[in-house]
Student: 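The structure under discussion is supplied below as structure tokens; questions concerning it will follow.
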Amino acid sequence: MILLNGKGAPVAQEVSDKRSKETYDASQITVLEGLEPVRLRPGMYIGSTGPSGLHHLVWEVVDNAVDEAMAGYCTKIEVTLLGDGGCKVSDDGRGIPVDRHPQYKDKTAAEVVLTMLHAGGKFGGGGYKVSGGLHGVGVSVVNALSTNLILEIDRDGKHHELVFKNGGEPTGPLRIVGDSPKNSTGTTVTFWPDKSVFEETEFRAQTVVERLQVMAFLNKALEIKFKDDRPGKEQTQTFKYDGGIVDYVKHLNLTKEPLFKKVCFYKQNEENQEVEVALQWSTGYYESIHSFANGIATSDGGMHEEGFRKALTLVVNKYARNRNLLKEKDKNFEGEDIREGLTSIISVRLAEPQFEGQTKAKLGNVSIRSLVERTTNEKLYEWLEENPKEANQIVQKATVAAKSRIAARQARDLTRRKSALDGAGLPGKLADCSSKNPQESELFIVEGNSAGGSAKDARDPKTQAILPIRGKILNVERAQIEKMLKNTEVQAIIAAVGAGLKDDFDVSKIRYHKIIILADADVDGSHIRTLLLTFFFRFMKPLVQNGHVYVAQPPLFSTIIGKERVYLRDELAKNIFQESHPNHKNEFQRLKGLGEMDFDELRDTTMEASKRSLLKIGLEHEVIADEVCSVLMGEDVEQRKRFIQTNAKDVRFLDI
């Protein structure tokens with residue numbers, strides 16, 4: 001049996017273990033120069049060669065333009081998806097320098113930036129005080145992974161052009177091709193991704209739009225224009241927010257019911273660092289605190305977020321005590337009580353940001369914690385004093401949240417005691433695996449008892465556990481935590497994963513390193529997947545952040561070649577197969593739902609590790625994930641309808 005993916009290639013290939021017996025000496029040590037390392041191992045520089053890596057090329061170019069805006073030299077950025085598959089990014093900044101580079105006298109600075117890794121104006125040369133460019137590999141990586149790249153620079157009244165082919169090879173020197181229009185300045189980079197590098201080279205408009213909108217919110221009054229010139233997908237959107245992060249908070253709360261209309265905003269500047277904070281509460285149950293450093297999302301938080309959380313808890317408790325809203329006998333609010341329903345954006349800028357890890361997900365500067373904490377202690381308290389009506393609503397909400405927290409803790413303790421009395425504490429319908437090693441163990445969460453029965457027969461009992469769930473689990477976006485903890489299906493998932501919940505969740509204690517959602521490819525199956533993903537995102541976020549959540553992708557079609565049955569993942573795979581087998585006469589069978597599959601068919605297509613196809617769920621941009629959860633699973637029907645209409649053009653296949 002062969003399972004083909006969307007590119008028509010086998011999902012699993014046989015790997016030879018023959019070892020070379022040739023000599024190993026100095027002549028076999030290879031030194032990679034220029035952009036060679038990028039083409040050899042692109043994943044090291046852009047994360048992957050899938051859709052996220054493809055879009056990373058756009059972010060690298062746009063980040064350079066945004067750095068010009070943060071430096072105060074750029075007011076407009078335009079991003080265009082071209083009809084021939086290219087992408088064009090223009091800005092009205094200073095333009096990349098065009099003079100000879102002092103270190104490489106045979107090259108202009110522009111050519112050095114485009115052809116050498118770790119070259120740019122962000123490494124102590126005084127080009128930028130604040131920047132967010134990703135480790136200086138930037139636009140040279142885009143050049144390395146493109147079949148063609150055209151660099152245009154308007155500077156000193158002249159329009160310069162430099163053209164690259166075949167992964168960064170210059171076709172000639174930087175040359176002047178005319179005068180700059182209206183004596184303007186700026187940089188334009190147009191590139192065409194290399195089809196031999198990427199799994200697919202079609203940009204997704206909504207992914208680009210979402211990222212550009214976030215950048216516009218974080219850079220007050222910066223105008224970012226998006227154009228899609230691809231046939232049948234034409235659109236134009238312009239983002240410019242004079243309110244900056246205040247507008248961002250209002251936007252995030254559009255799908256929620258704000259507790260009050262006002263958005264609290266304060267900021268503070270110090271030498272080489274500054275902070276801006278905007279916050280507003282809603283009637284919802286989840287906190288949405290999103291932090292940024294130099295325009296980069298710090299999804300793992302860091303010192304700036306730590307300072308804010310500590311000061312927020314201190315300030316609200318202090319205000320409640322001083323106004324006698326917390327009596328002497330009352331305990332202080334805990335941080336989670338105050339943060340329930342809070343939407344907040346914390347944006348800091350630093351001259352020398354210290355990020356932890358290659359992905360820049362956590363900020364390590366101790367000095368910024370002190371600045372954020374001092375500023376919040378002073379300015380937030382002032383705001384509460386000046387807005388007593390809103391302040392009282394915040395305290396009342398925290399009071400209700402504290403009661404709910406105590407009730408939820410009692411419900412959790414009751415569940416734990418009941419589990420202890422039951423023995424192992426695992427749900428009765430869980431067919432567990434025999435392995436006790438989490439790294440090789442997998443949990444399949446399967447929709448329906450009939451599919452669960454087939455999955456039990458099809459699994460490898462050593463490493464694969466099956467947890468059937470009945471129907472659709474509770475929509476946790478609209479339920480308080482104590483109600484959620486009484487739901488049988490939710491209880492079963494919590495017990496099976498075995499690592500706790502929310503603030504008590506410990507990812508090191510998970511019983512399985514792969515949690516796999518197995519549901520039909522129809523509308524009901526999509527709804528169940530969305531409900532489960534919302535639950536994991538809201539209550540077991542580290543599970544998603546650490547890449548432990550997967551969606552099984554049962555193939556939709558099968559056909560016979562000779563005596564071999566071939567499975568095809570989707571319509572795209574089927575079309576590619578038909579193109580490469582024009583004389584194929586056998587019909588294509590539309591595969592049945594999971595519950596109607598024979599156990600051997602389910603095993604061969606969906607569960608056996610060497611043959612199946614899994615979709616790994618990542619958390620690339622937490623603030624967008626938060627917004628999508630609120631839109632899809634929240635109360636606002638009009639917003640949900642608008643989201644579906646906007647994203648419909650990006651849906652490859654829908655089975656109704």
Student: Rounded to the nearest 0.5 Å, how far does CG of Leu54 lie from OG1 of Thr207?
Tutor: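 The OG1 atom of Thr207 sits 9.5 Å away from the CG atom of Leu54.
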
Student: Say whether Ser441 and His513, considering side chains only, have a donor N or O and an acceptor N or O under 3.5 Å apart.
Tutor: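 Note: Ser441 and His513 side chains miss the donor-acceptor criterion.
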
Student: Could you pull out all residues at least two apart from Asp432 that satisfy side chain to side chain donor-acceptor pair (under 3.5 Å)?
Tutor: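 Testing Asp432 for side chain to side chain donor-acceptor pair (under 3.5 Å), a comparison that skips the adjacent residues, returns Arg511, Tyr512.
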
Student: Shortest non-hydrogen contact from Ala401 to Glu340?
Tutor: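 Residues Ala401 and Glu340, closest heavy atoms: CB-OE1, 3.5 Å.
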
Student: Tell me every residue that passes side chain to side chain donor-acceptor pair (under 3.5 Å) with Ser48, counting only those two or more places apart in sequence or in another chain.
Tutor: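 So Ser48 forms a side chain to side chain donor-acceptor pair (under 3.5 Å) with Ser52.
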
Student: Between the main-chain N or O of Ser508 and the side-chain N or O of Asp506, is there a donor-acceptor pair closer than 3.5 Å?
Tutor: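 Flag set: sc Asp506 to bb Ser508 pair under 3.5 Å.
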
Student: Between Ser435 and Glu440, is any side-chain donor less than 3.5 angstrom from a side-chain acceptor?
Tutor: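 On atom types as modelled, these side chains qualify, holding a pair under 3.5 Å.
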
Student: For Pro258 and Lys256, which heavy atoms make the closest approach, and how far apart are they?
Tutor: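 Closest approach of Pro258 to Lys256, heavy atoms only: CD-O, 3.3 Å.
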
Student: Quick one: do Arg590 and Glu571 satisfy salt bridge (Lys or Arg N to Asp or Glu O under 4.0 Å)? Show the steps, please.
Tutor: CA-CA 11 Å; Arg590 181 76 170 78; Glu571 284 279 3; over 6 Å; no

Student: Roughly how far, to the nearest 0.5 Å, is CG of Leu279 from CG of Leu312?
Tutor: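 Here the interatomic distance stands at 7.0 Å.
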
Student: Examine distances only and state if a side-chain atom of Gln354 and a backbone atom of Leu363 form a donor-acceptor pair shorter than 3.5 Å.
Tutor: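 No; zero donor-acceptor contacts below 3.5 Å.
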
Student: Between Asn546 (side chain only) and His548 (backbone N and O only), is there a donor and an acceptor less than 3.5 Å apart?
Tutor: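 No.
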
Student: Just by modelled atom types, is the Arg470 backbone N or O under 3.5 Å from a matching donor or acceptor in the Glu489 side chain?
Tutor: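 Side chain of Glu489 to backbone of Arg470, a donor-acceptor pair under 3.5 Å: yes, one is there.
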
Student: Hey, mind stepping through Ser344 and His290 against side chain to side chain donor-acceptor pair (under 3.5 Å) and telling me if it holds?
Tutor: CA-CA 6 Å; Ser344 179; His290 303 293; over 6 Å; no

Student: Checking Ile445 against Phe536 for the side chain to side chain contact (heavy atoms under 4.5 Å, CB included) test, could you report, in this order, the C-alpha distance in whole Å, the side-chain angles of both residues, the deciding distance, and whether it holds?
Tutor: CA-CA 12 Å; Ile445 300 175; Phe536 288 133; 3.8 Å; yes

Student: Please find the pair of heavy atoms, one from Arg459 and one from Ala465, that lie closest to each other, and give the distance.
Tutor: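 So the two residues come closest at NH1-CA, 4.1 Å.
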
Student: Assess the pair Tyr550 and Phe444: is the distance between their ring centroids shorter than 6.0 Å?
Tutor: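 That pair fails the under 6.0 Å test.
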
Student: For Ala293 versus Leu350, what's the shortest heavy-atom pair and its separation?
Tutor: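 Closest approach of Ala293 to Leu350: CB-CD1, 4.3 Å.
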
Student: Quick one: does any side-chain atom of Asn377 pair with a main-chain N or O of Glu373 as donor and acceptor, under 3.5 Å?
Tutor: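 At least one qualifying donor-acceptor pair exists.
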
Student: Is the side chain of Ser404 donor-acceptor paired with the backbone N or O of Val400 at a distance under 3.5 Å, no angle test?
Tutor: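 No, Ser404 side chain to Val400 backbone: no donor-acceptor pair under 3.5 Å.
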
Student: Using a 3.5 Å distance criterion without hydrogens, assess whether the side chain of Asn365 forms a donor-acceptor pair with backbone atoms of Ile368.
Tutor: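 Here the side-chain-to-backbone pair does not exist.
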
Student: What pair of heavy atoms forms the shortest contact from Gly500 to Met540, and how long is it?
Tutor: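 That would be O-CE, 3.8 Å.
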
Student: Establish, yes or no, whether the cationic atom of Lys250 lies under 6.0 Å from the six-membered ring centre of Tyr248 and within 45° of the ring axis.
Tutor: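 Because its charged atom misses either the 6.0 Å distance or the 45° angle limit, Lys250 does not stack over Tyr248.
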
Student: To the closest 0.5 Å, what do you measure between CZ (Phe537) and OG1 (Thr530)?
Tutor: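 The OG1 atom of Thr530 is 13.5 Å from CZ of Phe537, to the nearest 0.5 Å.
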
Student: May I ask you to test the Ile516-Arg612 pair for a side-chain heavy-atom distance under 4.5 Å?
Tutor: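 Yes - at least one pair of side-chain heavy atoms lies under 4.5 Å apart.
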
Student: Hey, is the main chain of His55 close enough, under 3.5 Å, to the side chain of Arg204 for a donor-acceptor pair?
Tutor: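 Not at all, since once roles are kept as given, no pair shorter than 3.5 Å links the two residues.
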
Student: Start with the C-alpha distance between Phe539 and Val490, add both sets of side-chain angles, then the distance that settles side chain to side chain contact (heavy atoms under 4.5 Å, CB included), and finish with yes or no.
Tutor: CA-CA 11 Å; Phe539 289 97; Val490 170; over 6 Å; no

Student: With sequence neighbours left out, what residues match Ser558 under side chain to side chain donor-acceptor pair (under 3.5 Å)?
Tutor: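 Here the qualifying residues are Arg565.
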
Student: Has Lys456 got more than 12 heavy atoms of other residues, nucleotides or ligands less than 6.0 Å from its NZ?
Tutor: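 Correct, the count exceeds 12.
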
Student: Is any side-chain heavy atom of Ile289 closer than 4.5 Å to one of Phe308?
Tutor: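 The answer is yes; the side chains approach within 4.5 Å.
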
Student: State, to 0.1 Å, how close Ser454 and Phe599 come at their nearest heavy-atom pair, and which atoms those are.
Tutor: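 Minimum heavy-atom contact is O-CB, 3.7 Å.
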
Student: Starting from the C-alpha separation in whole Å, work towards a yes-or-no answer on side chain to side chain contact (heavy atoms under 4.5 Å, CB included) for Ile345 and Val277.
Tutor: CA-CA 6 Å; Ile345 300 293; Val277 178; over 6 Å; no

Student: Do side-chain atoms of Ser291 reach the backbone of Glu305 as a donor and acceptor pair under 3.5 angstrom?
Tutor: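 Not a single qualifying donor-acceptor pair exists.
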
Student: I'd like to know whether Leu254 forms a side chain to side chain contact (heavy atoms under 4.5 Å, CB included) with His251, so could you lay out the CA-CA distance, the side-chain angles of the two residues, the decisive distance to 0.1 Å, and finally the verdict.
Tutor: CA-CA 5 Å; Leu254 274 176; His251 170 78; 4.1 Å; yes

Student: Just by distance, with hydrogens left out, do Ser282 and Asn253 show a side-chain donor and acceptor under 3.5 Å apart?
Tutor: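 No.
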
Student: Rounded at 0.5 Å granularity, tell me how far CG in Leu556 sits from CG in Leu568.
Tutor: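 So the CG of Leu556 and the CG of Leu568 are separated by 9.5 Å.
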
Student: Taking the basic N atoms (NZ, or NE/NH1/NH2) and the acidic carboxylate oxygens, is any pair closer than 4.0 Å for Glu287 and Lys397?
Tutor: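 Not counted as a salt bridge, because no side-chain N and carboxylate O are separated by less than 4.0 Å.
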
Student: How many angstroms lie between CD1 in Ile517 and CD1 in Ile617, if you round to the nearest 0.5 Å?
Tutor: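 Between atom CD1 of Ile517 and atom CD1 of Ile617 there are 6.5 Å.
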
Student: Between Ser370 and Val366 (side chain of the first, backbone of the second, donor and acceptor by atom type, cut-off under 3.5 Å), is there such a pair?
Tutor: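 Absent.
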
Student: Counting only heavy atoms not in Gln393, do more than 12 sit closer than 6.0 Å to its CD atom?
Tutor: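 Yes, enclosed.
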
Student: Nearest 0.5 Å, please: how far is CG in Leu467 from CG in Leu518?
Tutor: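 Going from the CG atom of Leu518 to the CG atom of Leu467 covers 11.5 Å.
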
